[in-house]
2 protein chains.
Amino acid sequence: MTEIAAITGSIPRAARIIDVLTKAPDGLSLAQIVAESDFSKTTVFRVLANLQDVGYVFQDLESRQYRLGQKLARISQTACRTDIAAISKRGMQRLAALTEDTVFLSIPEGAAAICISRATGAFPIRTLTLNVGDTRPLGVGAGALALYCSMSRKERETIQRINKNWMADYGVSEAELAADYAVFQKTAYAANFGRIVAGTSAISVPVITGKGRLVAAIAIGAIDARMTPERINTVLIPAMWQEATLLAQRIDEMEQG
Amino acid sequence: MTEIAAITGSIPRAARIIDVLTKAPDGLSLAQIVAESDFSKTTVFRVLANLQDVGYVFQDLESRQYRLGQKLARISQTACRTDIAAISKRGMQRLAALTEDTVFLSIPEGAAAICISRATGAFPIRTLTLNVGDTRPLGVGAGALALYCSMSRKERETIQRINKNWMADYGVSEAELAADYAVFQKTAYAANFGRIVAGTSAISVPVITGKGRLVAAIAIGAIDARMTPERINTVLIPAMWQEATLLAQRIDEMEQG
DNA sequence: TCTATATGTTCCGTTTATCGGAATGTTTTG
DNA sequence: CAAAACATTCCGATAAACGGAACATATAGA
């Protein structure tokens with residue numbers, strides 16, 4: 001019963017407009033933003049005026065089109081202290097090439113997992129369950145499950161409390177999550193067989209630095225037929241562990257040097 | 001007559017809080033943000049809740065501290081399509097080493113100039129008129145003046161209209177700006193002798209790509225004693241033009257390759 | 001372990017910024 | 001030069017934001 005909740009409040013509206021502008025690096029006219037955002041012309045105009053005041057947006061002198069400003073660029077530089085997406089790129093591509101499946105990289109953020117990178121392999125049926133930028137409650141989906149299972153008991157409890165409703169949206173009960181956790185403890189990887197999208201399965205391993213900090217999870221998704229125990233154990237998991245270790249090392253290096 | 005205008009409205013408040021968080025990449029507690037921002041606890045809490053909803057901010061699970069989220073990182077990547085600050089770094093450092101003075105790089109954004117990079121030379125008296133991130137109305141200060149003077153007549157008129165009040169804040173009249181423009185046309189560089197900060201002078205040249213697009217201005221600032229016509233013409237300007245040409249080439253390469 | 005203090009979260013009546021429709025300017029287009 | 005599209009301002013009604021105070025939770029000290 002997903003009520004189509006209308007966006008309300010200035011900040012969500014501003015975020016929506018920034019989102020629209022993000023998809024058009026070369027700028028958009030007021031009318032275009034109105035069309036994309038479904039807000040009234042006046043509202044868009046006023047929000048844009050506010051965003052201009054704070055430097056997040058500016059208006060091209062000739063075209064009058066609105067574009068994202070440098071201020072946002074500066075903010076984001078502190079938002080991602082180490083650019084894991086960039087560091088991991090090569091390893092992700094190696095995995096995708098080797099396995100021919102789709103490889104995802106997710107990081108934890110609060111009680112959510114965010115997909116920050118994706119690489120697709122050569123296999124003709126592609127499993128694109130997650131787009132870059134998508135978020136899931138920790139524990140739902142292979143990558144988010146690997147992250148969840150790699151956290152302390154206290155953290156896991158906090159997560160369950162926070163994500164109660166969100167998890168329900170995905171139809172995942174606490175019992176199922178507990179079962180998944182138990183499996184992870186035995187196999188040392190997270191698995192999700194067709195729970196989110198029927199016909200597709202995914203497995204995932206965590207990326208943990210030398211100091212024990214959980215930084216990400218590497219996941220591989222494919223159609224069920226390609227996810228045989230045989231292939232998982234002999235091909236996928238070894239390769240994933242290798243890349244996870246490599247990535248963890250590179251992150252350690254970055255944060256020291 | 002600078003009335004201390006209290007920040008009002010959700011968007012400016014949100015921007016202020018994001019600013020505060022930008023200065024603390026490792027997160028801040030609610031109380032700390034309240035202290036830094038001068039908003040009531042309730043307001044900060046509510047704004048943070050909004051920012052969490054849109055993914056700009058998240059709360060660390062254990063420490064409960066608030067931090068900037070990945071969403072902002074992604075937004076900023078489109079905000080700066082070519083990272084001029086990064087590309088220019090070496091050249092800026094070369095200039096600072098050669099001249100021993102302070103080198104600034106500013107880019108135009110709407111009717112403003114934003115300083116996006118700075119390099120300091122060895123000379124013991126440092127001229128730090130601009131910080132990275134500072135904005136000036138186009139035409140005020142050497143860098144912003146070089147940008148202004150490199151624009152079309154139509155653009156310059158638009159700028160004057162938009163920046164009328166803002167320029168007045170700096171005590172720059174339209175007549176003075178017109179005079180500066182005339183000088184630029186003759187000398188091919190912008191100069192600002194002690195107008196903004198007494199005792200310091202600055203000169204600037206524009207950075208223009210092969211296709212004629214104005215992308216930035218390189219400026220050098222120093223105490224008046226170091227800004228002799230002799231030194232400007234034989235040392236500074238040639239070096240600046242060289243680096244400006246180099247930078248323009250590198251930007252062209254970036255945007256094609 | 002229990003108390004005290006600091007910190008974080010919710011409640012609620014008041015105020016004020018936000019809302020969108022309509023009117024007014026402004027620029028592009030035929 | 002007229003008409004259409006587009007951008008900006010105005011305005012009354014309303015809903016969202018506001019902050020103080022009450023409540024809950026976490027941290028530190030006895």
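Proteins get letters first, then strands, A, B, ... in listed order; numbering begins at 1 in each. None of these values were measured; they are calculated from a predicted model. Computed from heavy atoms alone, side chains included, the values below leave out hydrogens, waters and symmetry copies.
- The side-chain contact (heavy atoms from CB on, under 4.5 Å) check on B:Val197 picks up B:Thr129, B:Thr200, with sequence neighbours excluded.
- Side chains of A:Gln32 and A:Ser29: a donor on one and an acceptor on the other come within 3.5 Å.
- Atom NZ in B:Lys41 sits about 12 Å away from atom P in D:dA22, given to the nearest Å.
- OP1 or OP2 of D:dT8 has not a single side-chain nitrogen or oxygen of A:Thr42 nearer than 4.0 Å.
- Following rounding to the nearest Å, B:Leu48 (CG) and D:dA17 (P) show an atom-to-atom distance of 14 Å.
- For the pair B:Leu30 CG and D:dT25 C1', the interatomic distance rounds to 13 Å; values are reported in whole Å.
- Checked by atom type, the side-chain pair B:Glu155/B:Thr158 shows no donor-acceptor distance below 3.5 Å.
- For B:Leu51 and D:dA17, the CG to C1' distance is 14 Å, given to the nearest whole Å.
- What separates CG of B:Asp53 from P of D:dA16 is a distance of 14 Å, to the nearest Å.
- Residues passing the side-chain contact (heavy atoms from CB on, under 4.5 Å) test with A:Thr187, sequence neighbours excluded: A:Val183, A:Tyr189.
- For B:Ala190, the side-chain contact (heavy atoms from CB on, under 4.5 Å) partners are B:Leu145, B:Ala146, B:Phe184, B:Ser204, not counting sequence neighbours.
- Judged by closest nucleotide on DNA chain C, A:Thr43 is the one of B:Lys154 and A:Thr43 placed further toward the 5' end.
- One can place CG of A:Asp60 at 13 Å from P of D:dA7, the figure rounded to the nearest angstrom.
- Note that CG of B:Asp19 is 9.0 Å distant from CZ of A:Arg74, once rounded to the nearest 0.5 Å.
- There is a side-chain donor-acceptor pair under 3.5 Å between A:Tyr181 and A:Arg156.
- Contact footprint of chain A on DNA chain C: nucleotides with an atom under 4.0 Å from a non-hydrogen protein atom, first to last in 5' to 3' order, C:dT18 to C:dT27.
- Residues A:Ser29 and A:Gly9 both approach DNA chain D. Their nearest nucleotides, taken by heavy-atom distance, put A:Ser29 toward the 5′ side.
- Straight-line distance from the CD1 atom of A:Ile33 to the C1' atom of D:dT8: 14 Å, rounded to whole Å.
- End-to-end axis angle of the helix from C:dT1-D:dA30 to C:dG30-D:dC1, from C1' rotation axes over five pairs per end: 50° (rounded to 10 degrees).
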Identify every side-chain donor-acceptor pair in residues 105-113 of chain B under 3.5 Å, counting partners at least two apart or on other chains, and give the distances.
| residue | atom | partner | partner atom | Å |
| --- | --- | --- | --- | --- |
| B:Glu109 | OE1 | A:Gln70 | N | 2.9 |
| B:Glu109 | OE2 | A:Gln70 | N | 3.4 |

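- For the pair A:Arg46 and B:Ala31, nearest-nucleotide mapping onto DNA chain C gives the more 5' position to B:Ala31.
- Atom CZ in B:Phe39 sits roughly 13 Å away from atom C1' in D:dA17 (whole-Å rounding).
- Put simply, CD1 on B:Ile218 and CZ on B:Phe104 are 13.0 Å apart, with the number rounded to the nearest 0.5 Å.
- At D:dA26, one or more side-chain N or O atoms of B:Arg64 fall inside 4.0 Å of OP1 or OP2 (strictly under the cut-off).
- Mapped onto DNA chain D by nearest heavy atom, B:Asn50 and A:Arg161 fall at different nucleotides, with B:Asn50 at the one closer to the 5' end.
- The base of D:dG20 lies outside donor-acceptor range of the side chain of B:Ser40, with no N or O pair under 3.5 Å.
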